[in-house]
Engineer: 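For reference, the structure I am asking about is given below.
Owing to the predicted nature of the structure, the values given are computational and were not obtained by experimental measurement.
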Amino acid sequence: MLYVGIDVAKYKHDIAVIDEFGNIILEHMQIKNNHEGFYQLHTWLSHHVENPNDIRIALEDTGHYSRNIVMFLRANFYPTFSYNPYLIKEFAKSVSLRKTKTDKKDALTIARKLASDMPVMRQMPSQDMDDLKVLTRHRDRIKRKMTDFKVQYVKILDLIFPELAKIVNLHNQSTRHLIEKYPTPAKIIRANKTSIYNIKNLKADKAKSIIIAARTTVGNTSWALEFELKQTLQAIRYFEKLMTEINTEIQALMDKLDQVITSVPGISTTLGSIILAEIRNIENFRNPNQLLAFAGLEPSVNQSGESEHTGKMVKRGSTHLRWALLQAAEKVAIYSPTFKRYLALKRSQGKHYNKAKSHVAKKLVRVLFYLLKNHKYFDENLLT
(Lines give C-alpha, C1' and ligand atoms only; values in the text may rest on other atoms or scores of the structure.)
Protein backbone atom coordinates (compact mmCIF):
# COMPACT_ATOMS: atom_id res chain seq x y z
CA MET A 1 0.00 0.00 0.00
CA LEU A 2 1.29 3.46 -0.93
CA TYR A 3 0.25 6.66 0.80
CA VAL A 4 0.44 9.83 -1.26
CA GLY A 5 0.42 13.32 0.23
CA ILE A 6 -0.30 16.31 -1.99
CA ASP A 7 0.36 19.89 -0.96
CA VAL A 8 -1.87 21.99 -3.20
CA ALA A 9 -1.04 25.44 -4.58
CA LYS A 10 -2.29 27.68 -7.37
CA TYR A 11 0.26 26.86 -10.06
CA LYS A 12 1.92 23.66 -8.82
CA HIS A 13 1.44 20.73 -6.45
CA ASP A 14 4.09 19.03 -4.30
CA ILE A 15 3.95 15.24 -3.93
CA ALA A 16 5.41 12.81 -1.37
CA VAL A 17 4.88 9.03 -1.13
CA ILE A 18 5.50 6.54 1.69
CA ASP A 19 4.68 2.85 2.12
CA GLU A 20 2.81 1.08 4.93
CA PHE A 21 6.02 0.82 6.97
CA GLY A 22 6.69 4.55 6.81
CA ASN A 23 9.53 4.23 4.32
CA ILE A 24 9.84 7.17 1.95
CA ILE A 25 9.24 5.93 -1.60
CA LEU A 26 9.18 9.38 -3.16
CA GLU A 27 10.51 12.23 -1.03
CA HIS A 28 9.48 14.97 -3.39
CA MET A 29 7.99 15.49 -6.81
CA GLN A 30 6.57 18.76 -8.07
CA ILE A 31 3.93 18.83 -10.78
CA LYS A 32 2.25 21.69 -12.59
CA ASN A 33 -1.41 22.38 -11.95
CA ASN A 34 -2.37 21.46 -15.50
CA HIS A 35 -3.02 18.50 -17.81
CA GLU A 36 0.68 17.74 -18.21
CA GLY A 37 1.28 17.73 -14.45
CA PHE A 38 -1.73 15.55 -13.67
CA TYR A 39 -0.62 12.89 -16.16
CA GLN A 40 2.92 13.08 -14.80
CA LEU A 41 1.52 12.01 -11.41
CA HIS A 42 -0.76 9.40 -13.01
CA THR A 43 2.18 7.90 -14.93
CA TRP A 44 4.32 7.63 -11.80
CA LEU A 45 1.52 5.99 -9.81
CA SER A 46 0.61 3.48 -12.54
CA HIS A 47 4.27 2.45 -12.87
CA HIS A 48 4.54 1.65 -9.16
CA VAL A 49 1.14 0.05 -8.48
CA GLU A 50 -1.02 -1.96 -10.85
CA ASN A 51 -4.28 -1.58 -8.93
CA PRO A 52 -5.41 1.98 -7.99
CA ASN A 53 -7.00 0.50 -4.85
CA ASP A 54 -3.48 -0.16 -3.52
CA ILE A 55 -2.96 3.58 -3.30
CA ARG A 56 -4.39 6.12 -0.88
CA ILE A 57 -4.11 9.81 -1.73
CA ALA A 58 -4.77 12.74 0.61
CA LEU A 59 -4.63 16.51 0.46
CA GLU A 60 -5.75 19.46 2.53
CA ASP A 61 -9.28 20.74 1.97
CA THR A 62 -8.06 24.26 1.29
CA GLY A 63 -10.47 25.53 -1.32
CA HIS A 64 -10.85 25.62 -5.07
CA TYR A 65 -7.21 24.95 -5.99
CA SER A 66 -7.64 21.28 -5.10
CA ARG A 67 -10.86 20.74 -7.05
CA ASN A 68 -9.40 19.98 -10.48
CA ILE A 69 -6.79 17.48 -9.33
CA VAL A 70 -9.36 15.74 -7.13
CA MET A 71 -11.70 15.39 -10.12
CA PHE A 72 -8.82 13.96 -12.18
CA LEU A 73 -7.84 11.45 -9.50
CA ARG A 74 -11.45 10.35 -9.05
CA ALA A 75 -11.82 9.85 -12.80
CA ASN A 76 -8.84 7.50 -12.67
CA PHE A 77 -10.29 5.57 -9.70
CA TYR A 78 -7.72 6.58 -7.10
CA PRO A 79 -9.15 6.60 -3.54
CA THR A 80 -8.73 10.25 -2.59
CA PHE A 81 -9.34 11.87 0.78
CA SER A 82 -9.12 15.32 2.33
CA TYR A 83 -8.06 16.76 5.68
CA ASN A 84 -8.93 19.88 7.58
CA PRO A 85 -5.72 22.00 7.40
CA TYR A 86 -5.85 22.47 11.17
CA LEU A 87 -5.47 18.71 11.69
CA ILE A 88 -2.37 18.63 9.48
CA LYS A 89 -0.92 21.58 11.38
CA GLU A 90 -1.46 19.89 14.74
CA PHE A 91 -0.14 16.56 13.43
CA ALA A 92 3.05 18.29 12.25
CA LYS A 93 3.53 19.71 15.75
CA SER A 94 3.09 16.28 17.30
CA VAL A 95 5.91 14.69 15.30
CA SER A 96 8.50 17.47 15.40
CA LEU A 97 9.49 20.45 17.53
CA ARG A 98 11.06 22.18 14.55
CA LYS A 99 9.26 25.21 13.22
CA THR A 100 10.03 24.53 9.57
CA LYS A 101 7.24 24.73 7.01
CA THR A 102 7.80 24.10 3.32
CA ASP A 103 5.59 22.68 0.59
CA LYS A 104 7.92 19.67 0.37
CA LYS A 105 7.61 18.93 4.10
CA ASP A 106 3.87 19.56 4.07
CA ALA A 107 3.34 16.90 1.39
CA LEU A 108 5.30 14.36 3.44
CA THR A 109 3.35 15.32 6.58
CA ILE A 110 0.04 14.72 4.80
CA ALA A 111 1.25 11.30 3.59
CA ARG A 112 2.32 10.33 7.11
CA LYS A 113 -0.94 11.57 8.59
CA LEU A 114 -2.86 9.49 6.05
CA ALA A 115 -0.86 6.36 6.86
CA SER A 116 -1.33 6.85 10.62
CA ASP A 117 -5.09 7.24 10.21
CA MET A 118 -5.73 4.05 8.27
CA PRO A 119 -8.34 2.66 8.06
CA VAL A 120 -10.06 5.84 9.29
CA MET A 121 -9.99 8.48 6.55
CA ARG A 122 -12.00 11.43 5.41
CA GLN A 123 -14.07 10.42 2.41
CA MET A 124 -14.29 12.81 -0.52
CA PRO A 125 -17.87 13.98 -1.17
CA SER A 126 -19.97 13.14 -4.18
CA GLN A 127 -20.10 15.44 -7.19
CA ASP A 128 -23.60 16.58 -6.22
CA MET A 129 -22.41 17.58 -2.75
CA ASP A 130 -19.46 19.41 -4.29
CA ASP A 131 -21.87 21.27 -6.56
CA LEU A 132 -24.15 22.07 -3.64
CA LYS A 133 -21.24 23.62 -1.75
CA VAL A 134 -20.27 25.67 -4.81
CA LEU A 135 -23.82 26.99 -5.15
CA THR A 136 -24.38 27.77 -1.46
CA ARG A 137 -21.05 29.57 -1.15
CA HIS A 138 -21.85 31.48 -4.36
CA ARG A 139 -25.26 32.43 -2.97
CA ASP A 140 -23.60 33.69 0.21
CA ARG A 141 -21.23 35.94 -1.77
CA ILE A 142 -24.10 37.29 -3.89
CA LYS A 143 -26.17 37.94 -0.77
CA ARG A 144 -23.33 39.89 0.84
CA LYS A 145 -22.90 42.06 -2.24
CA MET A 146 -26.64 42.68 -2.44
CA THR A 147 -26.69 43.66 1.24
CA ASP A 148 -23.89 46.15 0.64
CA PHE A 149 -25.90 47.81 -2.13
CA LYS A 150 -29.02 47.90 0.05
CA VAL A 151 -27.06 49.67 2.78
CA GLN A 152 -25.76 52.15 0.22
CA TYR A 153 -29.31 52.69 -1.10
CA VAL A 154 -30.52 53.70 2.39
CA LYS A 155 -27.48 55.94 2.88
CA ILE A 156 -28.17 57.84 -0.36
CA LEU A 157 -31.84 58.35 0.53
CA ASP A 158 -30.77 59.66 3.95
CA LEU A 159 -28.95 62.40 2.06
CA ILE A 160 -31.56 63.09 -0.61
CA PHE A 161 -34.86 62.53 1.23
CA PRO A 162 -34.27 61.67 4.93
CA GLU A 163 -37.97 61.98 5.86
CA LEU A 164 -38.98 59.14 3.54
CA ALA A 165 -37.78 56.36 5.89
CA LYS A 166 -40.26 57.53 8.56
CA ILE A 167 -43.18 57.23 6.14
CA VAL A 168 -42.57 53.95 4.33
CA ASN A 169 -40.31 50.92 4.38
CA LEU A 170 -37.54 51.83 1.97
CA HIS A 171 -37.16 48.21 0.83
CA ASN A 172 -40.80 47.70 -0.13
CA GLN A 173 -41.33 47.15 -3.84
CA SER A 174 -43.78 50.08 -3.96
CA THR A 175 -41.14 52.41 -2.47
CA ARG A 176 -38.55 51.23 -4.95
CA HIS A 177 -40.96 51.80 -7.85
CA LEU A 178 -41.54 55.33 -6.55
CA ILE A 179 -37.81 56.07 -6.27
CA GLU A 180 -37.05 54.57 -9.67
CA LYS A 181 -39.67 56.83 -11.26
CA TYR A 182 -39.11 59.92 -9.11
CA PRO A 183 -35.61 59.67 -7.50
CA THR A 184 -35.62 63.14 -5.86
CA PRO A 185 -38.09 65.20 -3.79
CA ALA A 186 -38.09 67.86 -6.53
CA LYS A 187 -39.27 65.32 -9.10
CA ILE A 188 -41.95 64.05 -6.72
CA ILE A 189 -43.27 67.62 -6.30
CA ARG A 190 -43.29 68.22 -10.07
CA ALA A 191 -44.98 64.89 -10.81
CA ASN A 192 -48.64 64.46 -11.49
CA LYS A 193 -50.23 63.45 -8.16
CA THR A 194 -52.34 60.83 -9.86
CA SER A 195 -49.22 59.01 -11.13
CA ILE A 196 -47.86 58.81 -7.57
CA TYR A 197 -51.18 57.60 -6.17
CA ASN A 198 -51.28 54.95 -8.92
CA ILE A 199 -47.96 53.35 -7.96
CA LYS A 200 -48.75 49.71 -7.29
CA ASN A 201 -49.22 48.79 -3.61
CA LEU A 202 -48.52 52.34 -2.41
CA LYS A 203 -51.36 53.30 -0.10
CA ALA A 204 -53.09 56.62 -0.67
CA ASP A 205 -52.32 57.99 2.81
CA LYS A 206 -48.64 57.10 2.36
CA ALA A 207 -48.55 58.76 -1.05
CA LYS A 208 -50.09 61.92 0.42
CA SER A 209 -47.54 61.99 3.26
CA ILE A 210 -44.66 61.55 0.80
CA ILE A 211 -45.81 64.50 -1.30
CA ILE A 212 -46.13 66.72 1.78
CA ALA A 213 -42.71 65.65 3.10
CA ALA A 214 -41.09 66.27 -0.29
CA ARG A 215 -42.14 69.95 -0.11
CA THR A 216 -40.41 70.51 3.25
CA THR A 217 -37.49 68.08 3.11
CA VAL A 218 -34.13 69.11 4.52
CA GLY A 219 -32.42 66.71 2.13
CA ASN A 220 -30.04 67.88 -0.57
CA THR A 221 -29.47 66.28 -3.91
CA SER A 222 -27.19 66.58 -6.91
CA TRP A 223 -26.97 64.92 -10.30
CA ALA A 224 -24.17 62.69 -8.95
CA LEU A 225 -26.25 61.41 -6.02
CA GLU A 226 -29.23 60.86 -8.29
CA PHE A 227 -27.04 58.92 -10.72
CA GLU A 228 -25.60 56.79 -7.89
CA LEU A 229 -29.10 56.09 -6.56
CA LYS A 230 -30.28 54.97 -9.98
CA GLN A 231 -27.38 52.57 -10.47
CA THR A 232 -27.60 51.27 -6.91
CA LEU A 233 -31.24 50.31 -7.47
CA GLN A 234 -30.27 48.64 -10.75
CA ALA A 235 -27.60 46.64 -8.92
CA ILE A 236 -30.09 45.53 -6.25
CA ARG A 237 -32.55 44.38 -8.92
CA TYR A 238 -29.75 42.52 -10.69
CA PHE A 239 -28.56 40.70 -7.57
CA GLU A 240 -32.14 39.83 -6.62
CA LYS A 241 -32.52 38.22 -10.05
CA LEU A 242 -29.31 36.26 -9.50
CA MET A 243 -30.54 35.13 -6.07
CA THR A 244 -33.78 33.83 -7.62
CA GLU A 245 -31.82 31.87 -10.22
CA ILE A 246 -29.39 30.46 -7.64
CA ASN A 247 -32.20 29.40 -5.32
CA THR A 248 -33.91 27.62 -8.19
CA GLU A 249 -30.75 25.64 -8.95
CA ILE A 250 -30.21 24.80 -5.27
CA GLN A 251 -33.82 23.64 -4.91
CA ALA A 252 -33.43 21.37 -7.95
CA LEU A 253 -30.25 19.88 -6.52
CA MET A 254 -31.84 19.37 -3.10
CA ASP A 255 -34.79 17.59 -4.76
CA LYS A 256 -32.32 15.36 -6.60
CA LEU A 257 -30.47 14.52 -3.38
CA ASP A 258 -33.77 13.75 -1.62
CA GLN A 259 -32.25 14.67 1.71
CA VAL A 260 -34.05 14.20 5.00
CA ILE A 261 -32.77 17.38 6.59
CA THR A 262 -35.68 19.58 5.51
CA SER A 263 -38.12 17.22 7.24
CA VAL A 264 -37.05 18.88 10.50
CA PRO A 265 -39.59 21.64 11.35
CA GLY A 266 -38.03 25.05 10.78
CA ILE A 267 -35.17 23.95 8.53
CA SER A 268 -35.86 25.45 5.13
CA THR A 269 -34.17 24.56 1.86
CA THR A 270 -31.90 27.57 2.34
CA LEU A 271 -30.60 26.51 5.76
CA GLY A 272 -30.73 22.81 4.92
CA SER A 273 -28.65 23.26 1.79
CA ILE A 274 -25.94 25.14 3.71
CA ILE A 275 -25.78 22.49 6.44
CA LEU A 276 -25.59 19.66 3.89
CA ALA A 277 -23.05 21.46 1.71
CA GLU A 278 -20.71 22.03 4.64
CA ILE A 279 -21.06 18.50 6.07
CA ARG A 280 -20.96 17.01 2.55
CA ASN A 281 -20.34 13.40 3.63
CA ILE A 282 -21.83 12.33 6.96
CA GLU A 283 -19.77 9.10 6.81
CA ASN A 284 -16.71 11.19 7.70
CA PHE A 285 -18.11 11.60 11.22
CA ARG A 286 -18.22 8.66 13.63
CA ASN A 287 -20.36 10.42 16.25
CA PRO A 288 -22.23 13.71 16.86
CA ASN A 289 -19.32 15.10 18.88
CA GLN A 290 -17.08 15.02 15.82
CA LEU A 291 -19.73 16.93 13.89
CA LEU A 292 -19.96 19.46 16.73
CA ALA A 293 -16.20 19.91 16.62
CA PHE A 294 -16.29 20.36 12.85
CA ALA A 295 -18.87 23.12 13.28
CA GLY A 296 -16.86 24.73 16.09
CA LEU A 297 -19.80 24.40 18.48
CA GLU A 298 -18.06 22.38 21.18
CA PRO A 299 -16.80 24.19 24.32
CA SER A 300 -13.10 24.46 25.08
CA VAL A 301 -11.94 22.28 27.98
CA ASN A 302 -9.04 23.03 30.33
CA GLN A 303 -8.15 20.20 32.70
CA SER A 304 -5.24 20.02 35.10
CA GLY A 305 -5.09 17.50 37.94
CA GLU A 306 -8.36 17.65 39.84
CA SER A 307 -9.41 20.90 38.14
CA GLU A 308 -11.48 20.98 34.98
CA HIS A 309 -13.09 24.01 33.35
CA THR A 310 -15.13 24.45 30.20
CA GLY A 311 -14.97 27.70 28.29
CA LYS A 312 -16.45 29.37 25.25
CA MET A 313 -17.11 27.67 21.91
CA VAL A 314 -13.84 26.92 20.13
CA LYS A 315 -15.13 28.33 16.80
CA ARG A 316 -12.43 26.51 14.82
CA GLY A 317 -14.69 24.71 12.39
CA SER A 318 -16.75 25.78 9.42
CA THR A 319 -18.12 29.27 10.00
CA HIS A 320 -20.84 28.66 7.39
CA LEU A 321 -21.98 25.48 9.12
CA ARG A 322 -21.92 27.08 12.57
CA TRP A 323 -23.99 30.04 11.36
CA ALA A 324 -26.55 27.77 9.66
CA LEU A 325 -26.89 25.50 12.70
CA LEU A 326 -27.44 28.44 15.06
CA GLN A 327 -30.01 29.91 12.68
CA ALA A 328 -31.71 26.53 12.40
CA ALA A 329 -31.72 26.23 16.21
CA GLU A 330 -33.80 29.43 16.40
CA LYS A 331 -36.28 28.09 13.87
CA VAL A 332 -36.72 24.58 15.28
CA ALA A 333 -37.26 26.08 18.75
CA ILE A 334 -40.30 27.81 17.23
CA TYR A 335 -41.78 25.00 15.15
CA SER A 336 -40.84 21.86 17.12
CA PRO A 337 -42.57 21.47 20.52
CA THR A 338 -39.68 19.39 21.87
CA PHE A 339 -37.02 21.90 20.91
CA LYS A 340 -39.23 24.74 22.15
CA ARG A 341 -39.45 23.08 25.59
CA TYR A 342 -35.70 22.45 25.57
CA LEU A 343 -34.97 26.13 24.90
CA ALA A 344 -37.39 27.13 27.67
CA LEU A 345 -35.65 24.71 30.05
CA LYS A 346 -32.24 26.23 29.38
CA ARG A 347 -33.64 29.73 29.80
CA SER A 348 -35.25 28.70 33.12
CA GLN A 349 -31.80 27.58 34.28
CA GLY A 350 -30.67 31.19 34.00
CA LYS A 351 -28.79 30.90 30.72
CA HIS A 352 -28.58 33.86 28.36
CA TYR A 353 -30.66 33.44 25.20
CA ASN A 354 -27.57 32.99 22.97
CA LYS A 355 -26.15 30.40 25.35
CA ALA A 356 -29.47 28.57 25.47
CA LYS A 357 -29.65 28.68 21.68
CA SER A 358 -26.22 27.07 21.44
CA HIS A 359 -27.52 24.19 23.59
CA VAL A 360 -30.46 23.81 21.19
CA ALA A 361 -27.97 23.76 18.29
CA LYS A 362 -26.01 20.95 19.96
CA LYS A 363 -29.19 18.92 20.46
CA LEU A 364 -30.10 19.62 16.83
CA VAL A 365 -26.70 18.32 15.69
CA ARG A 366 -27.34 15.03 17.49
CA VAL A 367 -30.73 14.72 15.77
CA LEU A 368 -29.34 15.61 12.33
CA PHE A 369 -26.48 13.16 12.76
CA TYR A 370 -28.95 10.33 13.38
CA LEU A 371 -31.24 11.34 10.51
CA LEU A 372 -28.43 11.67 7.97
CA LYS A 373 -26.61 8.52 9.07
CA ASN A 374 -29.75 6.40 8.88
CA HIS A 375 -31.59 8.36 6.18
CA LYS A 376 -34.60 8.75 8.45
CA TYR A 377 -37.20 11.48 8.29
CA PHE A 378 -37.84 13.59 11.35
CA ASP A 379 -40.39 12.23 13.83
CA GLU A 380 -41.31 14.45 16.79
CA ASN A 381 -42.54 11.43 18.74
CA LEU A 382 -39.07 9.86 18.79
CA LEU A 383 -37.45 12.83 20.51
CA THR A 384 -36.85 12.70 24.24
Side-chain angles (χ1 to χ4, degrees), residues 135-252 266 268-274 319-320 323-324 326-328 330-331 334-335 353-354 357:
L135 290 177
T136 54
R137 291 288 182 93
H138 178 49
R139 178 177 58 191
D140 181 66
R141 288 187 290 270
I142 294 297
K143 184 179 179 181
R144 289 174 187 273
K145 290 178 181 178
M146 183 171 67
T147 299
D148 288 341
F149 276 108
K150 286 183 176 181
V151 170
Q152 187 61 18
Y153 161 68
V154 173
K155 178 183 175 182
I156 298 168
L157 283 177
D158 282 343
L159 294 173
I160 295 177
F161 195 178
E163 297 83 1
L164 186 62
K166 295 180 180 179
I167 302 171
V168 291
N169 184 335
L170 298 181
H171 298 290
N172 281 347
Q173 291 299 323
S174 58
T175 306
R176 286 199 208 165
H177 288 312
L178 171 71
I179 297 302
E180 285 170 339
K181 198 169 184 180
Y182 308 108
T184 67
K187 289 186 176 181
I188 291 174
I189 294 170
R190 290 198 299 268
N192 185 309
K193 289 184 180 180
T194 303
S195 64
I196 294 178
Y197 279 93
N198 286 339
I199 290 176
K200 188 176 180 180
N201 295 327
L202 182 62
K203 294 181 179 179
D205 60 328
K206 298 291 185 181
K208 181 179 180 181
S209 297
I210 290 170
I211 295 170
I212 293 172
R215 295 189 183 119
T216 58
T217 182
V218 296
N220 291 280
T221 190
S222 69
W223 70 267
L225 279 173
E226 184 177 342
F227 179 78
E228 184 183 7
L229 178 59
K230 178 182 177 181
Q231 289 209 326
T232 300
L233 279 170
Q234 288 174 344
I236 292 172
R237 295 285 191 198
Y238 172 70
F239 283 119
E240 286 178 339
K241 179 176 177 292
L242 291 185
M243 285 291 287
T244 300
E245 294 173 355
I246 295 167
N247 286 329
T248 299
E249 294 298 328
I250 289 175
Q251 181 65 65
S268 62
T269 298
T270 299
L271 287 175
S273 62
I274 297 171
T319 55
H320 294 271
W323 176 86
L326 289 171
Q327 292 296 310
E330 277 192 16
K331 299 298 183 181
I334 295 173
Y335 296 104
Y353 176 77
N354 288 336
K357 184 173 70 173

Engineer: Is Y353 atom OH crowded by more than 12 heavy atoms from other residues, nucleotides or ligands, each under 6.0 Å away?
Structural biologist: yes
Engineer: Please list, chain by chain and in numerical order, all residues satisfying side-chain contact (heavy atoms from CB on, under 4.5 Å) with Y335, sequence neighbours excluded.
Structural biologist: P265
Engineer: Using distance only, find each side-chain donor-acceptor pair of residues 142-149 under 3.5 Å and give its atom names and separation, not counting sequence neighbours.
Structural biologist:
unit_1, atom_1, unit_2, atom_2, d
R144, NE, D140, OD2, 2.8
T147, OG1, K143, O, 2.9

Engineer: Among residues at least two apart in sequence or on other chains, which ones pass side chain to side chain donor-acceptor pair (under 3.5 Å) with N354?
Structural biologist: none
Engineer: Got a donor-acceptor contact below 3.5 angstrom from the N172 side chain to the S174 backbone?
Structural biologist: no
Engineer: Going from CG on L170 to CD1 on I179, what distance comes out if it is rounded to the nearest 0.5 angstrom?
Structural biologist: 7.5 Å
Engineer: How would you list all residue pairs meeting side-chain hydrogen bond (donor to acceptor under 3.5 Å, both in side chains) that involve residues 218-229, not counting sequence neighbours?
Structural biologist: Q152-E228, K187-E226
Engineer: Of all heavy-atom pairs between I250 and L135, which one has the smallest distance, and what is that distance?
Structural biologist: CG1-CB, 3.7 Å
Engineer: Taking side chain to side chain donor-acceptor pair (under 3.5 Å) as the definition, give me every residue that meets it alongside K150, ordered by chain and number, with sequence neighbours left out.
Structural biologist: none
Engineer: For A324, which residues count as a side-chain contact (heavy atoms from CB on, under 4.5 Å) partner, sequence neighbours excluded?
Structural biologist: L271, I274, I275
Engineer: Which heavy atom in A207 sits nearest to a heavy atom in L202, and how many Å separate them?
Structural biologist: CB-CD2, 4.0 Å
Engineer: For the residue pair P162 and G219, what are the closest heavy atoms and their distance?
Structural biologist: CD-CA, 3.6 Å
Engineer: List for me each residue that meets ring-ring contact (aromatic ring centres under 6.0 Å, His included) alongside H171, sequence neighbours excluded, and say none if there are none.
Structural biologist: Y153
Engineer: With a 4.5 Å cut-off on side-chain heavy atoms, are V168 and L178 touching?
Structural biologist: no
Engineer: Is any side-chain heavy atom of I211 closer than 4.5 Å to one of R215?
Structural biologist: yes
Engineer: Would you say that I188 contacts I210 through its side chain, given a criterion of any heavy-atom pair below 4.5 Å between the two side chains?
Structural biologist: yes
Engineer: Under the side-chain contact (heavy atoms from CB on, under 4.5 Å) rule, collect the residues that match up with A252, sequence neighbours excluded.
Structural biologist: none
Engineer: Could you give all pairs that pass the side-chain hydrogen bond (donor to acceptor under 3.5 Å, both in side chains) test and reach residues 195-208, with sequence neighbours left out?
Structural biologist: Y182-S195
Engineer: What residues, two or more places apart in sequence or in another chain, satisfy side chain to side chain donor-acceptor pair (under 3.5 Å) together with R237?
Structural biologist: Q173, E180
Engineer: I need the full list of side-chain hydrogen bond (donor to acceptor under 3.5 Å, both in side chains) pairs touching residues 239-251, with sequence neighbours left out, sorted by first then second residue.
Structural biologist: R139-N247, R176-E240, K241-E245, Q251-D255, Q251-T269
Engineer: If you round to the nearest 0.5 Å, how far is CD1 of I236 from OG1 of T232?
Structural biologist: 6.5 Å
Engineer: With sequence neighbours excluded, tell me which residues meet side-chain contact (heavy atoms from CB on, under 4.5 Å) with A213.
Structural biologist: F161, E163, I167
